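One-based numbering, in listed order, for ligands and for the atoms of each. Residues: numbered from 1 along the sequence shown. Everything numeric in this text was worked out from a predicted model, so none of it was measured.
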Amino acid sequence: MVSDMVAAPARIVPSVLPADFARMGEECQALEKAGVDRIQWDVMDGHFVPNLTFGPDVVAASRAVVDLPFEAHLMVTNPDASLDRWVVAGCSLLIVHAEACPHLHRTLAAIREAGASSGVALNPATPLDAVAHVLDLVDLLLVMTVNPGFGGQRYLATMEPKIAAARRLIDQRGLDIELEVDGGIGPETIAGAAAAGATTFCAGSALFGFDGGLEAGVTELRGRAIQAAR
Ligand code: DX5
């Protein structure tokens, strides 16, 4: 029987790192209007990564003006210390870095106990094996396609074998884990990530810098991802 070919989902999740911080609420409303699936807050502590960005109060201020789900990408040392604050601020998905969590199993369980979905990010040098024994606690796997800390970096196509290995692992074990990529995602790179098996795409500079505006950018990226995933 020919199975109904259902296009793989292509979730577009903008990072607000390139947004106008003086008008963050309006920027989130514009993203909602443009049809994105979620908003990613790139949380950086100046320690795990060189940059310093948002605290939970900044996230909470925008929570009140949009209905979109928020994810917090916690590029921070010791994320366990602030999990509840991100949930209270309005994030329904918390993504921690495997490299920042000496007790990753406990941290992922703590995220779920706090009432959020659990995500784990892998830096480019970190192998997929780092999450081999915690997949039962993972709702989302984020494969970094740049070294974290700044937007506007070049996409690392060398991560595509890792993306493909993650896709195979999720599918072969029948896991309900969303596979997201983050870093350098734009019209010229999203197809490679989608063909490798990613279904959620975090984009910052490519979206905010798209010539035709946010809505056209979302449509372009989603269309290229769906086309590449067939
Ligand atoms: C890296 C950040 C960036 C950001 C997206 O620390 O996580 O990947 O989300 O930035 P662009 O899309 O500009 O590479």
When the side chains of residues 113-124 are checked against the rest of the protein, which donor-acceptor pairs come out under 3.5 Å, sequence neighbours left out?
residue, atom, partner, partner atom, Å
S118, OG, L137, O, 2.5
S118, OG, D139, N, 3.3
S118, OG, D139, OD2, 3.1
N123, OD1, H97, ND1, 3.2

Establish, from distance only, whether the side-chain atoms of T53 and D42 form a donor-acceptor pair under 3.5 Å. no

When rounded to the nearest 0.5 angstrom, what distance separates CD1 in I177 from CG in L141? 7.0 Å

Backbone N or O of L142 within a donor-acceptor pair of the D182 side chain at under 3.5 Å? no

For F70, ring-ring contact (aromatic ring centres under 6.0 Å, His included) partners two or more places apart: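 Partners of F70 by the ring-ring contact (aromatic ring centres under 6.0 Å, His included) criterion, ordered by chain and then number, come out as W41.
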
Near ligand 1, which protein residues have a heavy atom under 4.0 Å away?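 Only S15, Q40, D42, M44, H73, M75, V146, P148, G149, F150, G151, G152, D182, G183, G184, C202, A203, G204, S205 have heavy atoms that fall under 4.0 Å of ligand 1, ordered by chain and number.
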
Among pairs that include at least one residue of residues 55-72, which meet side-chain hydrogen bond (donor to acceptor under 3.5 Å, both in side chains), considering only residues two or more places apart or in two chains?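 side-chain hydrogen bond (donor to acceptor under 3.5 Å, both in side chains) check on residues 55-72 returns R38-E71, Q40-E71.
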
